[in-house]
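Take a look at the structure set out below.
Order of the sequence lines sets the chain letters (A, B, ...), proteins ahead of strands, with each chain counted from 1.
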There are 4 protein chains.
Amino acid sequence: MARVNTRQLITDAAVRVAARHGISGASMDEIAVEAGVAKGSLYYNFASKDAIFERVMRDGFERLGTVLSEARQGEAPGAVRAVAWATLRALRTNPDLARIMAAEVFRTDRPWHEALELARGSVVVQYRDVLREARVARGATAADAEQITETAGAALFGALAGAFLDWLLFRQDQPLELVLDQVLALGE
Amino acid sequence: MARVNTRQLITDAAVRVAARHGISGASMDEIAVEAGVAKGSLYYNFASKDAIFERVMRDGFERLGTVLSEARQGEAPGAVRAVAWATLRALRTNPDLARIMAAEVFRTDRPWHEALELARGSVVVQYRDVLREARVARGATAADAEQITETAGAALFGALAGAFLDWLLFRQDQPLELVLDQVLALGE
Amino acid sequence: MARVNTRQLITDAAVRVAARHGISGASMDEIAVEAGVAKGSLYYNFASKDAIFERVMRDGFERLGTVLSEARQGEAPGAVRAVAWATLRALRTNPDLARIMAAEVFRTDRPWHEALELARGSVVVQYRDVLREARVARGATAADAEQITETAGAALFGALAGAFLDWLLFRQDQPLELVLDQVLALGE
Amino acid sequence: MARVNTRQLITDAAVRVAARHGISGASMDEIAVEAGVAKGSLYYNFASKDAIFERVMRDGFERLGTVLSEARQGEAPGAVRAVAWATLRALRTNPDLARIMAAEVFRTDRPWHEALELARGSVVVQYRDVLREARVARGATAADAEQITETAGAALFGALAGAFLDWLLFRQDQPLELVLDQVLALGE
DNA sequence: TATGAATGAGGTTTCATTCAT
DNA sequence: TATGAATGAAACCTCATTCAT
């Protein structure tokens, strides 16, 4: 159990350090100091630096996937606004992690690339599905709704991430609800 | 004369290498080989690795800004579709650069951060303005249009970048026009 | 424990290498080989090459200061000969270090310049004081003795260093006592 | 003739740059800028960086030798004070060069080492001779005077250099004559 | 007589990883 | 379960030198 705590300590520290310097710029030394453990403990708990960040990234996308599922279950189908809002709140819960995910999501050179793609894909699919449901809810046929592809899901995710980071870096004095309005303003 | 050519050779090579390994992972050795010059020539023409990528990033955003201006000048105000299409074509012209820009645009730890922010800001403003114009074109008052802020511009840019990279990595067999349709499908 | 030993191993090696090539010409590679440790160990134990030589130079002057204090305590005031002899013996104990100190003592461009100046100053003051005491011992008033300034101390140190290095490079076959006589021959 | 001027321009610049950074730290780039010529011109006028500094050092010691000869010719034999004063004035004429000479005089790793040793030797011999003459002038026999060796000459040179640099770095507000007094105060 | 772009060997430094304790 | 000294490959960068003009 102490071990579980140490692992969490390490991944949390890794996220904070990577938010400051990027993943490549995050040194194991600085992560160890930030976590308050010795450098050797990093290797006792993880096989490598890559293993730490694979865990970080996978956890991040899986958590986002869970958030989206829960948001959709609590609403009628096609509740784009609810899903978007759930996304923004999730990103705000851990802004450091949000920044890392935004910078890494389209990189193909990382060792965890393949594992990450699955998690990312299941998130994008959820955005696609909610967009399809919304089209159906507006009276479209199922065939028509299927014109919506994962590319649209990626676009919605990009819009949310772009708007959130804009808010995080430049407009934190404003309520997050305004960000939601601005993203949905694209849908007019 | 030769110097101008060499500098271009170097920045072009730097973009290709960074697309493969990220900016941190792009070594000066590999950039030199890719550019076909000696490593010393990199330092004769640029003060540092950072200086190379500052130039790369700044050129990228300035180029995008120019593309957007030109697209807007050739159309009636509020031509979101035209601006979006111009963006996608510009990204396709240099997909390697597009990937780097997407990964770097929200990083604040880079030495070129401040310079980049100006260039990024002027791009985002153009998206915001075209969204405002579109709202006016649909009959809204000027006051109503000004509800649209730069956050919406950032969202549009994020949507375009997200959709483009999704296409670049997974769906290059499809025509780019479909990406445009999917992004605009958010606006329904 | 091991660390203390390693640090000493490194500074000792650095002195030997710098005696051969000068401080600027002493490469970290050669120091590592000379010390019998890996190059990385140099940086585990010292922040930089400069930090190594700051330690070397500071230790050197502090050691000399201690030697002078002890020599003066064992003699009547104004024992110039005893102090000069203690200096020459100390220089002979580590001739490599003596050469480095002679070459570096008046450089102001080194990062350790300021720290070194303090150590050098306290040595020069001791030479000045023993010269003053000697003048008093010959019957001069205290006011008269205070005509002697640190410049005279610097001159005595320069005379000893110049004579010692002349001996070291060209006349090691002769006993060191002759060097003492030659320096004191200035005082006639 | 233009060439002669350029060579002088270069060696003068080299002295200034080396006074700031040491000889090893003096880059050909900085020397060229300081001299106001292109880097290529350095190599048109000198074979190498070493050739520049060999010229600088040799000129310096030869100039000092000339100054000493002239000072001795203008005085009665054994005029230690006159010779010491001539030395101090010569050092003050070009303090940058004086600093370089002090730092380099006992280095054996420079390519110009052997050439320099001759010039240095002839200077030291003059100090030795004037010390011998002084002893004779005080009534000693020739045999007794020959007890004075070149080591004493090196000591006198070291005393003058040490005192001068102490003045140069810390006490330039005082007249140089005081430095002369302090050095001669050793001879009491 | 002079230039400056280009070079590449070699320098200092970083850092993920190992391992004895 | 945890530590931290030690490692060495590989990174960034410097700089004396060359050469076409």
Side-chain N or O of Asn45(A) versus OP1/OP2 of dT1(F): is the shortest distance under 4.0 Å? no

OP1 or OP2 of dA6(F) less than 4.0 angstrom from a side-chain nitrogen or oxygen of Thr6(C), does that happen here? yes

Counting only heavy atoms not in Arg55(C) (residues, nucleotides, ligands), do more than 12 fall under 6.0 Å from its CZ? no

Who pairs with Glu62(A) by side-chain hydrogen bond (donor to acceptor under 3.5 Å, both in side chains), at least two apart in sequence or on another chain? none

Test side-chain contact (heavy atoms from CB on, under 4.5 Å) applied to Glu34(A) - qualifying residues, sequence neighbours left out: Ala13(A), Arg16(A), Val17(A), Arg20(A)

Contiguous Watson-Crick or G-U pair runs (3 or more, under 3.5 Å) in DNA chain F: E:2-21 with F:2-21

His21(A) NE2 to dA16(E) P: how many Å, rounded? 12 Å

Rounding to an integer number of Å, can you tell me how far Tyr44(B) OH sits from dC13(F) P? 18 Å

Distance in angstrom units between Phe46(A) CZ and dT18(E) C1', rounded: 18 Å

Return the set of residues passing side-chain contact (heavy atoms from CB on, under 4.5 Å) with Leu118(A) (not counting sequence neighbours), or none when no residue passes. none

Interatomic distance where CG belongs to Leu9(A) and P belongs to dT1(F) [whole Å]: 15 Å

List the steps and the verdict of side chain to side chain contact (heavy atoms under 4.5 Å, CB included) for Ile100(C) and Ile23(C). CA-CA 8 Å; Ile100(C) 303 174; Ile23(C) 289 183; 3.7 Å; yes

When rounded to whole Å, the CD1 to P distance for the pair Ile10(D) and dA2(E) reads 8 Å

Within the sub-3.5 Å range, which N or O atoms of nucleotides 19-21 of chain F have a protein N or O partner, and how far apart are they?
none

Consider the side chain of Lys49(C), meaning its heavy atoms from C-beta on, and name the nucleotide among dT13(E), dT7(F), dA5(F) that approaches it most closely. dT13(E)

Measure the distance from CG on Asp50(C) to C1' on dT13(E) and round it to the nearest whole Å. 12 Å

Residues of residues 22-37 of chain D with any non-hydrogen atom less than 4.0 angstrom from an atom of DNA chain F: list those, numerically ordered, please. Ala26(D), Ser27(D), Met28(D)

Pairs satisfying salt bridge (Lys or Arg N to Asp or Glu O under 4.0 Å), at least one member in residues 41-50 of chain A, at least two apart: none

Return the value, rounded to whole Å, for the distance between atom CG of Leu42(A) and atom P of dA16(E). 10 Å

With sequence neighbours excluded, tell me which residues meet side-chain contact (heavy atoms from CB on, under 4.5 Å) with Ala51(B). Phe46(B), Ala47(B), Ser48(B)

Please tell me which of the listed nucleotides, dA2(F), dC13(F), dT3(E), lies nearest to the side chain of Ser48(B)? dC13(F)

Can you name the side-chain contact (heavy atoms from CB on, under 4.5 Å) partners of Val105(D), sequence neighbours left out? Phe61(D), Arg120(D), Phe157(D)

Quick one: the side chain of Lys39(D) and the base of dT3(E), do they pair up donor-acceptor inside 3.5 Å? no

Mind checking what makes side-chain hydrogen bond (donor to acceptor under 3.5 Å, both in side chains) contact with Arg107(D), not counting sequence neighbours? Asp109(D)

Qualifying residues under side-chain hydrogen bond (donor to acceptor under 3.5 Å, both in side chains), relative to Asp29(A), sequence neighbours excluded: Lys39(A)

Contacts of Thr108(C) meeting side-chain hydrogen bond (donor to acceptor under 3.5 Å, both in side chains) (sequence neighbours excluded), chain-then-number -> Arg99(D)

